[in-house]
Amino acid sequence: MYDAIIVGARCAGSPLAMLLARQGQKVLLVDRAEFPSDTVSTHGMKKPAVAHLSEWGLIDQVLASNCPPIHSLRLDVGPLVLQGSAPPIPGGEFDIAPRRYVLDTLLAKAAVAAGAEFRECFTVEDLLFDDGTVCGIRGHARGGASVEERARIVVGADGRNSRVAQAAGVPLTVDRGAFCCAYYSYFSGVPSSSIELYTRPGRQIIAFPTNDDLTMVMVEWPRAEFPQVRSDIEGTFMASLDLAPEFAERVRAGRREERFSGSAELPNYQRQAFGPGWALVGDALSHKDPILAQGITDAFHDAAFLAAALGEAYSGVKPLDAALADFAARHMECSMPLFEATCQFATLQPPPPEMQQLLGALLGNQPATDQFFGTIVGTVPMHEFYAPENLERIMQAAARVA
Ligand SMILES: Cc1cc2nc3c(=O)[nH]c(=O)nc-3n(C[C@H](O)[C@H](O)[C@H](O)COP(=O)(O)OP(=O)(O)OC[C@H]3O[C@@H](n4cnc5c(N)ncnc54)[C@H](O)[C@@H]3O)c2cc1C
């Protein structure tokens, strides 16, 4: 009997297993994948995610993987370009973008080092129920027979198509549908030291430096264009980069080192967070378009919130249901502002007139630009930045300069 069985061992599952094992709990972590392995995902990680890695004692290992820290953000919306850096938070002084096969392996190893039992190549087929309450899993190792394992809680950290959520019949609580499709690849010889965002009508280009001197470049298009994009990925990709000519020239001077990866399955939803004997974290709980690179950060937050809640419940500080309700509330409070912003950005529509006015007013106002970037990165609360008196200050400062 385990204290927790965690299904899925990437950004959400492994940190949760690590944190619970560090509390002394008996944890089984399973994943059908073999590690190291990649997954269809780019990997921009913002300052709040770096702060978690610092707190968990893992950031030095990420940096040692030959992955550069990123100190600036460049937002090019065509008529104007803003460059700056979101305000830091303790432990989160830079952004970083480690390859997923690097990050996920490191996280799974940290869970094992903390004492979690890890079974890779193990597929969960179904949940076990005892009088309506989830009490374990049924699954099999690769080529092996079905086995059953029991726990006080089963956590679905098993991504967008969560088997745990399906088996427990978990409903969506927010469903905004899918807006975009995306393709990305890795280029050598493309000097880049910032996160670069190029916003063009119906297109979003995202680039950042990653391991081994490579630059990740991703383009997003409206989802309806997916058949056309897929029929000529390279041609459509390069034609989209041409909307940002200086950047396109830099990419053309480099060399594509890997095949394109992509997806048209980029839904925006929240699911119910817990129920009798189960809880969800990461993409299983909440998925969003990658346009603001929020998924890994949210997965880390979920892991930290759920570990704290289970720690309280198992040490008798709170009843389990009350602790899980706190976890769900903290998840929503933390996740919703950037979830809403993501849905707005993912329409790929030009910014509304008030936003265009605001972006214009930020030009030349570095402190306000950095604060604005803080809202995208998650180090400045939206309600603080968008408070009427703050916006008024920014507009007045711009008027004085004009
Ligand atoms: C194109 C694209 C680009 C993205 N770019 C970014 C970005 O730049 N920054 C960012 O923060 N986020 C990005 N994301 C989002 C990010 O990938 C996710 O938010 C993140 O991977 C969530 O982690 P997770 O651990 O919840 O789920 P996942 O990473 O999906 O891991 C789930 C794990 O569960 C395992 N699993 C599933 N079912 C079973 C089963 N039945 N039995 C056993 N194991 C199972 C899988 O093998 C997998 O290893 C992007 C996503 C996409 C699609």
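Just so you know, ligand 1 is whichever comes first in the structure, and atom 1 is the first atom listed for that ligand. As the structure is a computational prediction, the values presented were derived from the model and not from experiment.
Compare Asp302, Asp104, Asp283, Asp289 by their heavy atoms: the one nearest to atom 18 (C) of ligand 1 is in Asp283. For the residues Val124, Val281, Asp298, Leu292, the heavy atom positioned nearest atom 42 (N) of ligand 1 is part of Val124. Taking all heavy atoms of Ala293, Cys181, Ser41 into account, the minimum distance to atom 51 (C) of ligand 1 is reached by Ser41. One option in Ala303, Gly295, Ala49 has a heavy atom closer to atom 12 (N) of ligand 1 than any other, and that option is Gly295.
Taking every non-hydrogen atom of Ile296 and a distance limit under 4.0 Å, the qualifying atoms of ligand 1 come out as 10 (C), 11 (O), 12 (N), 19 (O). Those atoms of ligand 1 with a heavy atom of Val40 less than 4.0 angstrom away are 52 (C), 53 (C). Of all atoms in ligand 1, numbered sequentially from 1 with element shown, those under 4.0 Å from a heavy atom of Cys11 are 23 (O), 25 (O). The distance from ligand 1 to the heavy atoms of Arg100 drops below 4.0 Å at these ligand atoms: 16 (C), 17 (O), 20 (C), 21 (O), 29 (O). Remark: ligand 1 atoms within the under-4.0 Å shell around heavy atoms of Phe122 are 42 (N), 43 (C). The ligand atoms of ligand 1 that sit less than 4.0 angstrom from a heavy atom of Gly8 are 33 (C), 34 (O), 35 (C). Taking a cut-off of under 4.0 Å to the non-hydrogen atoms of Arg163, the atoms of ligand 1 that pass are 41 (N).
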Item to check | Residues Glu234, Arg256; criterion side chain to side chain contact (heavy atoms under 4.5 Å, CB included); working and verdict | outcome: CA-CA 10 Å; Glu234 176 137 43; Arg256 181 159 63 82; 3.2 Å; yes
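Counting heavy atoms under 4.0 Å from ligand 1, residue Ala157 touches it through the backbone alone. Residue-level proximity to ligand 1 for Leu266 is carried by the side chain, the only part with a heavy atom below 4.0 angstrom.
A salt bridge links Glu265 with Arg223: the closest approach of a Lys/Arg side-chain nitrogen to an acidic carboxylate oxygen falls below 4.0 angstrom. The existence of a salt bridge linking Asp126 and Arg163 is confirmed by a sub-4.0 Å separation between a basic side-chain nitrogen and an acidic carboxylate oxygen. In this structure, Glu246 pairs ionically with Arg250, as a charged nitrogen and a carboxylate oxygen lie closer than 4.0 Å. Checked for salt-bridge contact, Glu117 and Lys26 miss the test: no charged N lies under 4.0 Å from a carboxylate O. The pair Asp283-Arg160 does not meet the salt-bridge criterion, since no charged nitrogen lies less than 4.0 angstrom from a carboxylate oxygen. Salt bridge annotation for Lys318-Asp326: present, with a cationic side-chain nitrogen under 4.0 angstrom from a carboxylate oxygen. By the 4.0 Å N-to-carboxylate-O rule, Asp3 lies close enough to Arg152 to be salt-bridged with it.
Ring orientation note: the planes of His52 and His301 are nearly perpendicular, at an angle over 60° on the 30°/60° scale.
Under a 4.0 Å heavy-atom criterion, Thr39 is not in contact with ligand 1. Ligand 1 is never approached by Ala182 to a heavy-atom distance shorter than 4.0 Å. His43 counts as a contact of ligand 1, since one of its heavy atoms falls under 4.0 Å from the ligand.
Of the protein's heavy atoms, Asp31 OD1, 3.5 Å lies nearest to atom 46 (C) of ligand 1. Looking from atom 5 (N) of ligand 1 to the surrounding protein, the closest heavy atom is Thr42 OG1, 2.6 Å. The nearest protein atom to atom 25 (O) of ligand 1, hydrogens excluded, is given as Ala12 N, 3.0 Å; this is a heavy-atom distance. Shortest contact from atom 27 (O) of ligand 1 to any protein heavy atom: Gly159 CA, 3.8 Å. Of all protein heavy atoms, the one lying nearest to atom 44 (N) of ligand 1 is Arg32 N, 3.1 Å. Considering only non-hydrogen protein atoms, atom 9 (N) of ligand 1 sits nearest to Gly44 O, 3.0 Å. Regarding atom 1 (C) of ligand 1, its nearest protein heavy-atom neighbour is Tyr184 CE2, 4.0 Å.
Remark: ligand 1 and Ala299 share no N or O pair separated by less than 3.5 Å (distance only, no angle test). Polar contact with ligand 1: absent for Gly282 (N/O pair, distance under 3.5 Å).
For His331 and Phe339, the ring centers sit 6.0 Å or farther from each other.
Residues Phe373 and Ser85 fail the side-chain proximity criterion, which asks for heavy atoms closer than 4.5 Å.
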Without placing hydrogens or testing angles, list every side-chain donor-acceptor pair under 3.5 Å for residues 128-144, not counting sequence neighbours.
| residue | atom | partner | partner atom | Å |
| --- | --- | --- | --- | --- |
| Arg138 | NE | Glu148 | OE2 | 3.3 |
| Arg138 | NH2 | Glu148 | OE2 | 3.1 |
| His140 | ND1 | Glu125 | OE2 | 2.5 |

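Note on residues 236-261: pairs passing ring pair (Phe, Tyr, Trp, His ring centres under 6.0 Å), not counting sequence neighbours, are Tyr198-Phe247, Phe237-Phe260.
The line from CD of Gln396 to CD of Glu389 is 11.5 Å long, rounded to the nearest 0.5 Å.
Just one residue in the list Arg99, Arg10, Lys109 forms a salt bridge (charged side-chain N to carboxylate O under 4.0 Å, His left out) with Asp104, and that residue is Arg10.
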